Amino acid sequence: MRKLRSSIVFKSISGIVILLLVFTVIVSVIGYLEFTDALMEQYAEGTFYTADTAALNVNADHLQSYLEGGDQEEYEKIRNEFERLCEAQEATFIYVICPDQTDYNHITFVISAMNNRYSYDLYECGYVRETTNDEYRNVYRLLCEKDSDYAYVVRDRGYIETGAHITALISLVGSDQEVKGILCVQRQMDILTDLRQAYLKKVAIAMILIALLVIMGQTVYIHRVLLDPLQRIIREAARFSTENVKSQKKLTDHIRNRDEIGELARSIDDMEDQITGYISDIARIAAKEEKTRTELSLAARIQASMLPDVFPPFPERKEFELFASMDPAKEVGGDFYDFFLIDSDHLYLAIADVSGKGIPGALFMTISMLALSQIIREGKSPAEVLEAANNAICLNNREEMFVTVWLGILEISTGKLTAANAGHEYPALRKPDGRFELFKDPHGFVVGGMEDMKYKEYELQLLPGSQLFLYTDGVPEATDSSERQFGTQRMLTALNGHCGEHPEEIIGGVYAAVDSFVGQAEQFDDMTMLCIQYNGCGDSAQSLINDTDNIAGYDCGAGMDGSTRSTGGTGEEEKSVNEMTLQATLDNLPEVTAFIDSQLEELDCPMKAQFQIDVAIDELFTNIATYAYGDSTGNVTVRLDTQEDPRAVLITFIDNGVPYNPLEQEEPDITLAAEDRPIGGLGIFVVKKTMDDMSYDYKDGQNILRIKKKI
């Protein structure tokens, strides 16, 4: 039964039958009402005819005499005539009444006659009774007050003592033109009731016959034009879903409907063609992907083999302990670490983060790693290594990738660490028996970003028991499912939870803390960590601990610039601690970048935001130096202000050159290949996209350009 109810045949036929039923009911009701009105008019017309005939026998002036007992012979003659009319006209009652015209609440019967077919009791002459209801009372008033000469009342609802009937009423007017009484003729409506019931039976029988015909006809029709084609389509769809092989004969060869069923059959045929083609394509793609996965796996193994992965790396050296790890976000990554002994007393340490990921990042990582390791063997200092590597990478860096690098050389015998930072994350340092803290070392520009950049190096004196933790931004920027970042504070908490432990345990503790925080969220970036513990060299280690002069540089603020600065190319002193004025020449760009970076470091600006600001400074200062003053030279003022809630920096460039609004420059079409794009416009476009706000004013002969970056 459930299967039957869910079938299309049942649903379609039942819907049609329901609509047919509703239509029949509406038509039947209308026909019933029209039929009833027509019969009622016939009843009323015949009843009034009887009433008019009966009134011819009544002298209205004698009604009062009849009530007083006079003129009995005339009275009987009228009553007999009423009885004859009842028989002849099939009336039930003919009677004359005199209503109480004061309030019409009572009537007095004068003459009453009844058809012999009925056995009701007649009211005697002079009998007084209450008016039946308000409808009769209103009719009596209309007739007595001459508002109408004829009226009728139909009673066919509820309980009626004398059955359903119609009563015709006419007024009896005396010689003085006053209404003396009312003549009433009552006629039963048995015939009307019987006819209405017969009408309803015929409608019901017709409805049943029509429904049966519709069911049989619709069943045959639906099977022919709907069910049979649908079942063929269903069978073909089931077959294809199991075999995934096209049928030798198409559905449209069997189903030639030009309706939705035909469209469905054509769609199934098209679907089979497309799916079989898609399966073939998938097979080819799967083969290619398998080859790609194999190649990526090989690339991952090659990349892993480039990184030192044997720990402990120098088991014979007790002066230090070292461990490192790289966990790529994809099959291959753009992070790398490196370390090796330059000679018996100098250990090379490096950690880096390439701007890209995947295969491009891995290739750039390989180039950067090889360049750094090759140059360091030439005997250069960390700053010189970064400068040489930067120029070498910029020489053929068409994809404009870059890499952040922290690079250091540890003198093993003394614990002196010489390092330089090219836009990389701050390292974390731990004193003996102390806690890990961020060491805010001076930052230079990223490697590969711009040629001829200068880098600052600094020295740290590591004491026996000191630990240095290096990492890429994939650690603090690890994100959970709510888009919250792990952050440097959680990283420091994880580090300090493993103070004094072996470097491998420290790195394992950080990994565990990151995994617990991230949960099921997808790894967003490569995570690379390196940790070294300096143990010292026997007696020389103890002498270092006792020599306070050697540890003066260990404070976490070491290496930061002071609060006052020179102005660079002009020899003038700056106006305030956050403002400098210098000549608008390209030679002064490093001075401007260093000035801004020093203040950003004091504000704990994230490295990623600092790099974006440095790129914007490079573009905007270069534009001013190149175009503002034409062939002559002029000054430019650079000012940095801070803003709270949200925390942000505002950097302002002011020059007296020709008016120029860079915001009006048309944006480049970045969908085109680099060789197809017109020269210019890309730098300003990058600034707009990386800064949170950018505005321009020309006031009092000055170009005033502002950029804003939330930090």
Side-chain angles (χ1 to χ4, degrees), residues 299 302-304 306-308 324-330 332-340 348-377 380-409 419-427 441-457 470-477 524-530 590 593 597 606-615 618 686 690:
I302 293 173
Q303 183 183 38
M306 294 184 63
L307 303 179
S325 174
M326 197 272 280
D327 182 16
K330 297 183 178 181
V332 290
D335 289 1
F336 69 87
Y337 63 84
D338 197 8
F339 56 83
F340 53 81
Y348 165 70
L349 299 168
I351 190 168
D353 183 0
V354 174
S355 59
K357 300 178 182 64
I359 296 296
L363 292 174
F364 199 79
M365 161 257 177
T366 303
I367 295 171
S368 303
M369 183 177 178
L370 292 175
L372 292 170
S373 63
Q374 181 64 35
I375 297 171
I376 196 71
R377 288 183 171 90
K380 297 181 181 294
S381 69
E384 291 171 340
V385 171
L386 293 178
E387 291 170 8
N390 175 64
N391 288 335
I393 291 173
C394 286
L395 190 61
N396 293 297
N397 188 13
R398 295 181 180 178
E399 298 303 319
E400 299 182 353
M401 298 180 70
F402 60 87
V403 57
T404 65
V405 183
W406 183 96
L407 187 150
I409 300 175
N421 192 325
H424 199 73
E425 301 293 321
Y426 295 125
D441 54 355
H443 281 64
F445 202 59
V446 296
V447 172
M450 186 168 54
E451 290 181 316
D452 299 326
M453 294 303 299
K454 301 298 181 183
Y455 297 90
K456 296 180 181 179
E457 61 185 43
L470 306 170
Y471 57 95
T472 59
D473 60 5
V475 177
E477 293 181 5
F524 174 75
D525 198 359
D526 304 333
M527 287 195 297
T528 303
M529 291 176 267
L530 185 151
T593 303
D597 284 350
M607 285 306 305
K608 192 165 289 186
Q610 182 173 335
F611 171 68
Q612 291 173 333
I613 293 172
D614 286 346
V615 172
D618 177 83
V686 171
T690 55

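It should be emphasised that the depicted structure is a prediction, and the values quoted were computed from it without experimental measurement.
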Review point. Side chains of Met365 and Leu307: closer than 4.5 Å at any heavy-atom pair?
Key: yes
**Study point:** Closest approach of Ala383 to Ala420 (non-hydrogen atoms, all atoms of both residues)
**Key:** N-CB, 4.0 Å
Check your understanding: Does a donor on one side chain sit under 3.5 Å from an acceptor on the other, for Thr528 and Asp335?
Key -> yes
Point to revise | Whether Phe340 and Tyr348 hold their rings parallel, tilted or perpendicular, with breakpoints at 30° and 60° | key: tilted
Study note, to complete from the structure: Nearest heavy-atom contact between Ile393 and Gly448 is CG2-CA, 4.0 Å
Check your understanding: Hey, does Asp597 have a side-chain heavy atom less than 4.5 Å from the side chain of Asp614?
Key -> yes
Study note, to complete from the structure: Rounding to 0.5 Å, atoms NE2 (His443) and CG (Asn421) come to a distance of 4.0 Å
Point to revise | Exercise: identify the closest heavy-atom pair between Pro427 and Tyr471 | key: CA-CE2, 4.4 Å
Practice item. Please round to the nearest 0.5 Å and tell me the distance separating atom CD1 of Ile375 and atom CG of Leu370. Key: 10.5 Å
Check your understanding: So how far is it from Gln374 CD to Met369 CE, rounded to the nearest 0.5 Å?
Key -> 12.5 Å
Check your understanding: Does any non-hydrogen side-chain atom of Glu457 lie less than 4.5 Å from one of Ser381?
Key -> yes
Exercise for review: Enter the distance from Tyr455:OH to Asn390:CG here, rounded to the nearest 0.5 Å.
Suggested key: 3.5 Å
**Study point:** Side chain proximity check, Ile409 to Ile376, heavy atoms < 4.5 angstrom
**Key:** yes
Check your understanding: Trp406 and Asp441: side chain to side chain contact (heavy atoms under 4.5 Å, CB included), yes or no, with the steps?
Key -> CA-CA 10 Å; Trp406 183 96; Asp441 54 355; 3.5 Å; yes
Check your understanding: Between His424 and Val405, is any pair of side-chain heavy atoms under 4.5 Å apart?
Key -> no
Check your understanding: Which heavy atom in Asp338 sits nearest to a heavy atom in Ser373, and how many Å separate them?
Key -> OD2-CB, 3.8 Å
Check your understanding: When rounded to the nearest 0.5 angstrom, what distance separates CG in Asp473 from CG in Asp526?
Key -> 9.0 Å
Check your understanding: In Å and rounded to the nearest 0.5 Å, what is the OG1 to CE distance from Thr593 to Met450?
Key -> 5.5 Å
Check your understanding: Mind checking whether Leu372 and Phe336 have side chains closer than 4.5 Å, heavy atoms only?
Key -> yes
Practice item. Specify the closest pair of heavy atoms between Pro308 and Phe339, including all atoms of both residues, with the distance to one decimal. Key: CB-CZ, 3.4 Å
Revision key, fill the gap. Smallest heavy-atom separation, Gly423 atom then Thr404 atom, equals O-CG2, 3.3 Å
Review point. Do Phe364 and Ser355 have side-chain heavy atoms sitting under 4.5 Å apart?
Key: no
Review point. So do the side chains of Ile351 and Thr472 get within less than 4.5 Å of each other, counting heavy atoms only?
Key: yes
